[in-house]
Number of protein chains: 2
Amino acid sequence: MTGNRTGDEAKGGDGFGNRSETRAEATAARIVGAARGLFLAKSYAEVTTDLIARAADVTKGGLYHHFPSKESLYLSMMLEELDRKRLLFEKAVAMAGDSRERLARLTRDFLDLPTDERELMRLVRRDINIFDGVERDQLVRAYQRALPEQVEAILRDGIRDGELSVADPRLLSWSFVALVEIVIGDYAHRALGDTGARLDHVLELFFGGAAARRVGAAV
Amino acid sequence: MTGNRTGDEAKGGDGFGNRSETRAEATAARIVGAARGLFLAKSYAEVTTDLIARAADVTKGGLYHHFPSKESLYLSMMLEELDRKRLLFEKAVAMAGDSRERLARLTRDFLDLPTDERELMRLVRRDINIFDGVERDQLVRAYQRALPEQVEAILRDGIRDGELSVADPRLLSWSFVALVEIVIGDYAHRALGDTGARLDHVLELFFGGAAARRVGAAV
DNA sequence: CTACCGACCGACTGACCGGTCGGTCACAGT
DNA sequence: ACTGTGACCGACCGGTCAGTCGGTCGGTAG
């Protein structure tokens with residue numbers, strides 16, 4: 001009743017021959033968008049295919065016309081999202097400057113992200129357990145390519161150039177990402193303040209540690 | 001058929017009057033134990049009450065005789081476990097020594113834990129989203145009392161005594177716990193080696209940071 | 001105008017799962 | 001021996017949900 005989609009954006013103005021699939025693509029994109037919002041708000045199990053379909057103004061039949069399963073819909077949504085993030089963070093890696101400056105740029109890019117995009121990266125960790133085998137690997141690798149491997153590339157340069165002490169760069173990158181995750185969230189916002197302060201906190205802690213600087217005499 | 005529990009451990013030898021509930025308690029404990037193992041191996045949704053009952057050699061009716069719901073069973077299991085951990089970590093807090101020594105003791109206690117007990121503490125983070133309201137608060141507070149608040153107490157002393165730079169102790173404690181969690185898991189085991197090496201890595205990173213120590217001239 | 005095709009519909013199915021409930025049985029007190 | 005009690009049984013229920021399938025409709029080619 002409410003959901004008629006006759007005409008509307010179908011076809012439109014550009015009359016290309018090889019670009020005629022716009023209608024189905026638009027629906028698929030609408031479904032992915034609805035799924036994105038719902039998976040952010042509720043757990044995977046709580047988000048039903050009916051719910052997604054209704055939010056996308058399609059029926060369940062329509063949804064299953066575009067996606068073979070709920071899992072593959074989730075995967076499509078997440079892989080797409082993670083690949084966009086990879087592209088974003090690669091800019092910081094490609095930047096000129098020492099490792100601390102590049103890491104600051106990457107972290108700032110991350111902290112400046114809209115809340116929902118940041119939260120989506122946490123969804124991977126939340127939902128990773130519901131996938132098996134190939135699909136799980138896909139998800140893990142897409143996440144690692146998006147964030148930890150970008151951090152790792154910068155840290156590797158830092159170690160090579162003597163800016164960082166010699167250590168396993170992968171472990172360091174995971175550690176750094178973990179520290180950044182601490183600093184998002186309400187409590188850190190109240191305790192530290194705006195993005196700049198949180199960025200400084202993370203960098204200071206990661207590079208300099210938590211020990212008090214010795215001002216006067218040595219031990 | 002297979003599950004007859006006639007006689008067996010019922011009553012046993014101790015013929016006390018006020019200590020006669022052993023039978024039901026033993027069954028409840030068996031159920032909690034079975035639930036513990038299953039929740040470790042599978043996600044909350046995947047673990048059915050049937051499965052738990054069968055693993056505990058009871059029927060679903062028996063299970064519901066002891067626990068009013070699946071959630072409350074999970075909660076019983078987890079709160080019990082977390083309280084045991086709090087008791088363990090409180091020993092390190094009560095210990096004499098500077099903050100680094102006490103933190104090392106706490107971390108070593110954590111790393112030396114059997115795998116399943118360590119993983120149970122990660123379950124809290126995994127499953128926290130499936131609870132609401134009071135039960136969620138119970139779970140969160142039990143976890144925080146078990147680990148982060150113990151770390152925070154040590155860090156607070158360290159700041160007071162000038163061993164640590166002035167910062168928000170709660171954020172620092174979360175950061176420390178996050179760093180420790182990096183160091184459990186297969187990759188860290190391969191990259192770093194035994195418990196001692198992993199302990200050193202965490203402490204060194206947390207107290208001293210990742211930056212290379214300046215050996216020669218200052219900046 | 002007609003035949004066709006793919007997008008989409010929505011009622012339905014089969015399986016599963018948390019929780020219930022009437023019943024059974026071993027045992028303790030008498 | 002008799003009876004009450006509570007631990008435990010297991011078939012069953014109500015509800016949910018992923019996935020299916022026969023069908024409709026609008027546009028497009030011929």
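Chain letters run A, B, ... following the sequence lines, proteins first and then strands; every chain starts at 1.
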K.L.:
Start at the 5' end of DNA chain C and walk down; is the nucleotide closest to A/D50 or to A/H65 reached first?
P.N.:
A/H65
K.L.:
Check the distance between C/dC16's P and B/R54's CZ and give it to me in whole angstrom.
P.N.:
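Result: 12 Å.
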K.L.:
Report the residues that fulfil side chain to side chain donor-acceptor pair (under 3.5 Å) with B/R84, sequence neighbours left out, ordered by chain and then residue number.
P.N.:
B/E81
K.L.:
Contact list please: residues 67-77 of chain A against DNA chain D, heavy atoms, distance less than 4.0 Å, in numerical order.
P.N.:
A/S69, A/K70
K.L.:
By nearest atom, which of the nucleotides C/dT20, D/dG6, C/dC8 is closest to the B/Y64 side chain?
P.N.:
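Output: C/dT20.
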K.L.:
How are the rings of A/Y44 and A/F39 set to each other: parallel, tilted or perpendicular (split at 30° and 60°)?
P.N.:
parallel
K.L.:
What's the closest nucleotide to the B/V58 side chain, out of D/dC8, D/dC9, C/dC8?
P.N.:
D/dC9
K.L.:
Just grab all the salt bridge (Lys or Arg N to Asp or Glu O under 4.0 Å) pairs involving residues 183-203 of chain B, residues at least two apart or on different chains.
P.N.:
none
K.L.:
Counting only heavy atoms from other residues, nucleotides and ligands, does the tally under 6.0 Å from CZ of B/R125 exceed 12?
P.N.:
no
K.L.:
Would you give a per-nucleotide map of nucleotides 11-16 of chain D, 5' to 3', where B means the base has a protein non-hydrogen atom under 4.0 Å away, S means only the sugar-phosphate does, and - means neither?
P.N.:
------
K.L.:
Among all residues two or more places apart in sequence or in another chain, which pass the side chain to side chain donor-acceptor pair (under 3.5 Å) test with A/R141?
P.N.:
none
K.L.:
Provide the full list of side chain to side chain donor-acceptor pair (under 3.5 Å) pairs with a residue in residues 64-79 of chain B, sequence neighbours left out, each pair given once.
P.N.:
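Of all non-adjacent pairs touching residues 64-79 of chain B, those that pass side chain to side chain donor-acceptor pair (under 3.5 Å) are B/Y74-B/D127.
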